Amino acid sequence: MSWLPLSFGAPMVLWGLLALPVIWWLLRLTPPKPQTEVFPPLKILARVLRREETPQQSPWWLTLLRLLMAALVVLALAEPVFNPREKLPAEGAALALVIDNGWASAADWGKRVATAERLIGDAGSNGVPVVIAFTAEKPNAEIGPFDASAALDHLRAAKPRPVPTDRPAVYARVAAALERLPGASVAVLADGLAAKGDEAAFRTLLEKNATRLVWATSDRMSLTGLIGADNQVDGFALTAIRAPSDPAPAQVTAGAFDDKGRRIADATLTFSPGEATATATMTVPFELRNDFASIALDGEHQAGAVRVLDESSKRRRVGLLSQAEADQAQPLLSPLYYIRRALQPFADLVEPSSADLADAIPQLLDQKPAMIIMADVGTIPEQVKQRLVDWVDKGGTLVRFAGPRLAAAGNDDDLLPVRLRSGERALGGALSWTTPQAVTEFPKNGPFADLSPPSEVTVSRQVLAEPTPDIVERTWATLADGTPLVTGMKKDKGTLVLFHVTPEATWSNLPISGTFVEMLRRVVQLSRNQGAAVANAEAKAVSLAPYRMIGADGMLTPPSPDARPLVPGAGPLPVTLENPPGLYGSETGVFAHNLLNASSTFAPLARPQVSLPVTAIPYAFDESENLKGPLVAVALLLMALDTLAVFWMGGLLARRPRRTAVATTAAVLVVLGGLFGHADLARADDSKPGDAQAIEDISKTRIAYVITGEPGVDSISRAGLEGLTRFLIEKTALEPGPPAGVDIAKDELSFFPLIYWPIDATAPMPSQAAIARIDAYMQQGGTVLFDTRDQFSNGIGAGSASPATERLRDILANLNVPPLEPVPSDHVLTKSFFILPEFPGRFNGSPLWVEASLEASNTENRPVRTGDGVSPIMITANDFAGAWAVDENGDPMLPTVPPDPMQRVYALRAGVNIMMYMLTGNYKSDQVHVPVLLERLGQ
């Protein structure tokens, strides 16, 4: 029996409500209340003899209380259920429960278990056995049939696996079990993701012995997966997928993490309406990209949203080859000298031990380089040429430099991007020019498109390319007269590149320019690492041991006992229970085995078309609530109130001492509060929230930071000031309180000696009123430390205008800013606690700008330069908070650039000096006058 969201398990008991009038009639009478009289015996006797005693009517409120108590007892016996659920079809000879527990089910696994528990519970109430099977378990896993209790134990012991489902094998086992239980109901709890062989699997499961199908699936497939993370020239190119034909646009954020799980960078991928693929580029410096260990999508708690990275996405191995003998006396004339200098910071260089090309080329290829550079190598020996061509076709990058040998060797269509004219073009030759040629703008279709052409580079000699129809699209750099300087082309999966000049500064001064370094760096980033990126000692191993596995929820975990060594192959390797996704190898080198590959797609699972009765149910938690217990509790409470009312009306409480009555009343109030849980005793509180916050702010020295509204920026600011606070406590006598985030538009600023303001161009521009409050704070003695955090690309003093610098200029335009100067070497900031020549942060190079000292000429008598007070403003671009930021364990959250451990120490020391300067003012500078003061005092 059910009325809206309320149902009753025993509705016949509700007929007991008809007895309420009878109960009312029985309860309406109560003994008369005793009266207190002065002792007049005769008067009392006379009244007793004269009057007939009649019963007194029960008070209406007491009658109502008792009627309500009786109604609650009747309702409780009827077993009411709030928000009842419909009983699921779990009848027949048995219930076959088939549950997908692959990686796609991890995000809402709790709902799937709750749905399965309801099905098993209904099967148990009907007394039918349960066959329960999971599609991502071992083939020999026990499937039953079980009774309801054992089936629940198997269900609760199961968990999602980070592997695809195997429906054909599991459905075949369930179909075989149902041959002994014909007429069973089959419940399919699918993950909504289609897989190969589904149609045949459903046919095997449902065609013979099933009498009903219960189909449970999610309303919509909301999975998002990461199928690509390629380290390219300017950053990591990310590719994400979702279910096709989704009409709603969507955004997902991807985060990059290092091997300690610290977040280094992030990027946003946007799905257009109806699009199943989204791409984005995670633009970060090359040095930081080499620290990436994994990339994961935020909010996606499943293995498909995580990609682990190995050495194939990090530093490249580059082989160097030259036919010229190395001249130890004149190393600058070596063909490989400038190439080594250019590549050493960001590539691993390998060279052959033999000068013979027939031996040198195989030696390089055996080390599986990502790129090979040939400096003026002429004819390639035929016995090794085909192996070199195959290496290029499979993804290798071959870079060749011109020279006399290459010009004399002629054309090689397999290993050159363009055909060459015979001979060389030089000043005074047959194919000559009168003046050296400069480099013009780089073509937009090449990898050097965003580089500025080097105005100082000239070319006096080169090899010429034959004019062909495709010469323009293969040209990556040109001279002023239009002739190609660098050409390149894709060859199958590899790349061929030719510099039409020599690698030493004989035909051109390009090798000694900074542009040459950047050009080689771009070409290295275009290359792809070859083979498994494991240590050389392990590269020859037949298999790789499990190292770190990706769990079903997307977290990296230690290997499970079921994981087996992985045997790397030529193509994509399947993900199985024996080889789950993750890293294989050891600390010396790992191989990334990811769940999804570049060709993966998400196809929604279609419900099978069968002639059986079908019941579709959603995944949901059981929200029904049995009201029998609460109703009985309320009835008992009313019974206690009725008892107290009878005591009060009988005068029992009145004849007790007053103290006992008060205690009894207090005890009743406590019981009522405990039963209802809603006792809200009003208490007077004269204190104000603002006063309490103010007392907390001034009880200890606290450093404040401006809340920008950007979660990533604000979290780093707080972590940075916490790291500086820890360092101050360790190194100084100062014990600051926890950092405080302030809203400059409404919070009181005068409580804080220093406010750290990270400038973020995406944050909202402060209002004029807020800027006016900052101006007043600075005029009243406070100091604001502005940090644009853009030194890596710009810097405050470099004359550039990054978005953060532009935002800072807009803010400062509304402030009364004094004249500024970089901190001089004799400023009090350089020696307020530590002796510091500079003030680095996460970046190094930007000066710290402070108020200019107006009287700083008598440096002989006053060696510490300072004004009469403290600078109200400081500006840097070095990202102080990024260098100070620590996690809960005290470990740094962000790496320094460059990655120098001492730079972080100097950054913390800079923070200490700033705090000492803020708290002591020119006290430190006055210390140099102590000898003179003592002499004048006669001491």
Side-chain angles (χ1 to χ4, degrees), residues 316-352 355 357 360-361 364 369-380 388 396-409 412 415-418 420 424-426 436-437 439 442 446-448 451 454 456-465 476-479 483-488 495-527:
R316 305 296 197 262
R317 188 179 297 112
V318 179
L320 304 182
L321 186 62
S322 173
Q323 288 184 279
E325 294 286 338
D327 191 349
Q328 301 297 333
Q330 295 180 321
L332 296 180
L333 299 180
S334 170
L336 297 175
Y337 177 81
Y338 295 107
I339 295 176
R340 290 192 192 97
R341 295 291 300 272
L343 294 179
Q344 279 176 348
F346 50 86
D348 293 327
L349 306 181
V350 293
E351 298 185 41
L357 294 179
I361 292 177
L364 288 180
M371 186 171 79
I372 293 179
I373 297 179
M374 292 184 176
D376 190 21
V377 174
T379 304
I380 306 298
L388 184 60
T397 300
L398 178 63
V399 180
R400 304 187 68 174
F401 281 86
R405 293 183 180 84
L406 181 63
D412 188 345
L415 296 175
L416 286 175
V418 295
L420 303 177
E424 307 157 9
R425 185 187 191 195
Q437 293 292 301
V439 179
F442 292 108
F448 314 137
L451 296 180
E456 74 280 3
V457 172
T458 58
V459 176
S460 59
R461 193 172 185 177
Q462 69 168 156
V463 293
L464 285 174
W476 290 2
T478 59
L479 298 179
T483 58
L485 175 62
V486 182
T487 54
T495 305
L496 294 175
V497 183
L498 173 64
F499 284 74
H500 290 243
V501 294
T502 58
E504 67 270 18
T506 54
W507 290 13
S508 169
N509 61 348
L510 175 65
I512 62 175
S513 68
T515 304
F516 181 74
V517 177
E518 188 61 26
M519 292 170 74
L520 286 182
R521 177 180 176 273
R522 298 297 178 92
V523 176
V524 169
Q525 287 300 293
L526 287 176
S527 64

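None of the values given here were measured: they were computed from a predicted structure.
Residues Tyr338 and Ala505 come closest through the heavy atom pair CE1-N, 4.1 Å.
Residues satisfying the side-chain hydrogen bond (donor to acceptor under 3.5 Å, both in side chains) test with Glu518, not counting sequence neighbours, are Arg521, Arg522. Here Asn509 pairs with nothing under the side-chain hydrogen bond (donor to acceptor under 3.5 Å, both in side chains) rule; sequence neighbours left out. The side chain to side chain contact (heavy atoms under 4.5 Å, CB included) test applied to Thr502 returns Glu504, Thr506, Trp507, not counting sequence neighbours. Ala465 is linked by a side chain to side chain contact (heavy atoms under 4.5 Å, CB included) to Val418, Ile471, Pro484, His500, counting only residues two or more places apart in sequence or in another chain.
In this structure the side chain of Trp476 reaches within 4.5 angstrom of the side chain of Pro447, judged on heavy atoms. For the pair Ser508 and Val457, the minimum side-chain heavy-atom distance is below 4.5 Å. Arg316 places none of its side-chain heavy atoms less than 4.5 Å from the side chain of Thr397. Looking only at side-chain heavy atoms (C-beta outward), Ser513 and Glu456 come within less than 4.5 Å of each other. Proximity of Thr515 to Val439: side-chain heavy atoms (C-beta onward) are nowhere separated by under 4.5 Å. The shortest distance between side-chain heavy atoms of Ile372 and Ile361 does not fall below 4.5 Å.
Between the side chain of Arg400 and the backbone N or O of Gly378, at least one donor-acceptor pair lies under 3.5 Å.
Between Met374 and the options Val399, Leu406, Ile380, a side chain to side chain contact (heavy atoms under 4.5 Å, CB included) holds for only Ile380.
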